[in-house]
Peer 1: 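The structure under discussion is supplied below as structure tokens; questions concerning it will follow.
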Amino acid sequence: MPQNIVPDTVALDDAQDSVIIIDQTLLPGRVSIIGLKTAQEMYDAIKRLQVRGAPAIGVAAGFCLYLLMKHSEAEDPSSYIKELLEKKEYLNSSRPTAVNLSWALNRMEKCARNIIDNAGDTDFSTLRARVTDALRLESIAIRDEDVEMCRRIGEHGVTLIKEGAGILTHCNAGRLATVQYGTATAPMYLAHERGMHIHVYCDETRPLLQGARLTAYELSSAGIETTLACDNMASSLMKAGRIDLIFVGCDRVAANGDAANKIGTSGVAILAKHYGIPFYVCAPITTIDPATPTGDQIVIEQRDPDEVTDLWYKERMAPDGSHFSVYNPAFDVTDHDLITGIVTPAGILRPPYDQAIAGLFR
Ligand code: MRU
């Protein structure tokens, strides 16, 4: 694998027709860089969480759609668009909750339609080459904008951190969930870079352990003091006065500020309110969805029961049988009134969020 394309969580290897990712299911034990070539490989990688985190799956899907359409043999605009829509819908069906996935794919579709609709009499093979080039640039722009948005979230978020702060985070909204920097972790990296002493407490994040396997790994590797705690220890940390503020990521923010994020996030927000600790959601613009009025309309992904009962154990750690079932939603929704602020690339939004979010998109 060429070394120069590895540092980002998601990268495009145009020469090899591959989307390059770090297989996150193997971290932290093994750093395995893999190339995804087909629609099914990308679908499976997103579904299995080899690539995960709202912004990262959007970027990966954008690269993938470009590579798939690069090899289109469609001979007229309508069959080209039909093929693009089929591939787009297939990739989009891999995970429902993070809006970044559909957002990136819609943006790619719009880009292709724009060129085709304004083509005039251009013959189709010339036009197809032009669309391919535009899709390549669009997918790279989605990647570059993600990097820039996370950097800016860091700039705004770091203003909330005081020297010596104890910060709690849930799941992984780190660089592994984006292209670089992360969202919730961007202010932490920046504080550390500026010589501030911070201590980050990572919720383990049952059942898939993104906090333990990914956040604790990436922050401690960067030299940031990191403590891992099981999810049910967060209250004890807060009561002990060790948490000054909370940064979490999100998968979709509704127009009223309700925010879907990894299962367990809403519980952290409720605890934070009880203990009077500020709770911030970090969101790139691409994760804010003004078309979804409230959290009630956000589709929550339900995952395989095995993740709870079997995945990390040598033998099954739960009963089985007809009177037994498992509840395994991947995300929950934190009500907007539990959120102190939403840290975006454009600044920190404060309640009332319906107005602040409407203003952001005006
Ligand atoms: O199921 P995952 O691991 O993809 O869930 C990820 C999260 O919930 C993240 O907090 C969210 O996507 C924000 S990433 C910047």
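All ligand and atom numbering here is 1-based and tracks the order in the structure. This chain uses plain numbering: 1 for the first residue, then up along the sequence.
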Peer 1: In chain order, what residues pass the side-chain hydrogen bond (donor to acceptor under 3.5 Å, both in side chains) check against T265, with sequence neighbours excluded?
Peer 2: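 Result, side-chain hydrogen bond (donor to acceptor under 3.5 Å, both in side chains) vs T265: N261.
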Peer 1: Does ligand 1 have any N/O atom under 3.5 Å from a protein N/O, and what are those pairs and their distances?
Peer 2:
| residue | atom | partner | partner atom | Å |
| --- | --- | --- | --- | --- |
| ligand 1 | 1 (O) | R95 | NH1 | 3.3 |
| ligand 1 | 1 (O) | R95 | NH2 | 2.8 |
| ligand 1 | 1 (O) | K262 | NZ | 2.7 |
| ligand 1 | 3 (O) | R52 | NE | 2.5 |
| ligand 1 | 3 (O) | R52 | NH2 | 3.3 |
| ligand 1 | 3 (O) | Q210 | NE2 | 2.9 |
| ligand 1 | 4 (O) | G53 | N | 3.1 |
| ligand 1 | 4 (O) | R95 | NH1 | 2.7 |
| ligand 1 | 8 (O) | D251 | OD1 | 2.9 |
| ligand 1 | 8 (O) | N261 | OD1 | 3.1 |
| ligand 1 | 8 (O) | K262 | N | 3.2 |
| ligand 1 | 10 (O) | N261 | OD1 | 2.6 |
| ligand 1 | 12 (O) | A54 | N | 2.9 |
| ligand 1 | 12 (O) | D251 | OD1 | 3.2 |
| ligand 1 | 12 (O) | D251 | OD2 | 2.9 |

Peer 1: I'd like a table of donor-acceptor pairs (distance under 3.5 Å, sequence neighbours excluded) in which one partner is a side-chain atom from residues 232-243, with atom names and distances.
Peer 2:
| residue | atom | partner | partner atom | Å |
| --- | --- | --- | --- | --- |
| S235 | OG | Y275 | OH | 3.3 |
| R242 | NE | Y201 | OH | 3.2 |

Peer 1: Do other residues, nucleotides or ligands put more than 12 heavy atoms under 6.0 Å from Y327 OH?
Peer 2: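 No, not enclosed.
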Peer 1: Y43 vs Y90 aromatic rings, parallel, tilted or perpendicular, using cut-offs 30° and 60°?
Peer 2: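 The rings of Y43 and Y90 lie parallel, inter-plane angle below 30°.
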Peer 1: Taking atom types as modelled, find out whether N106 and K88 have a side-chain donor-acceptor pair closer than 3.5 angstrom.
Peer 2: yes
Peer 1: Please output the side-chain donor-acceptor pairs of residues 158-167 that fall under 3.5 Å, not counting sequence neighbours, one pair per line with the distance.
Peer 2:
| residue | atom | partner | partner atom | Å |
| --- | --- | --- | --- | --- |
| T159 | OG1 | H156 | O | 2.5 |
| E163 | OE1 | H197 | N | 3.0 |
| E163 | OE2 | H197 | ND1 | 2.8 |

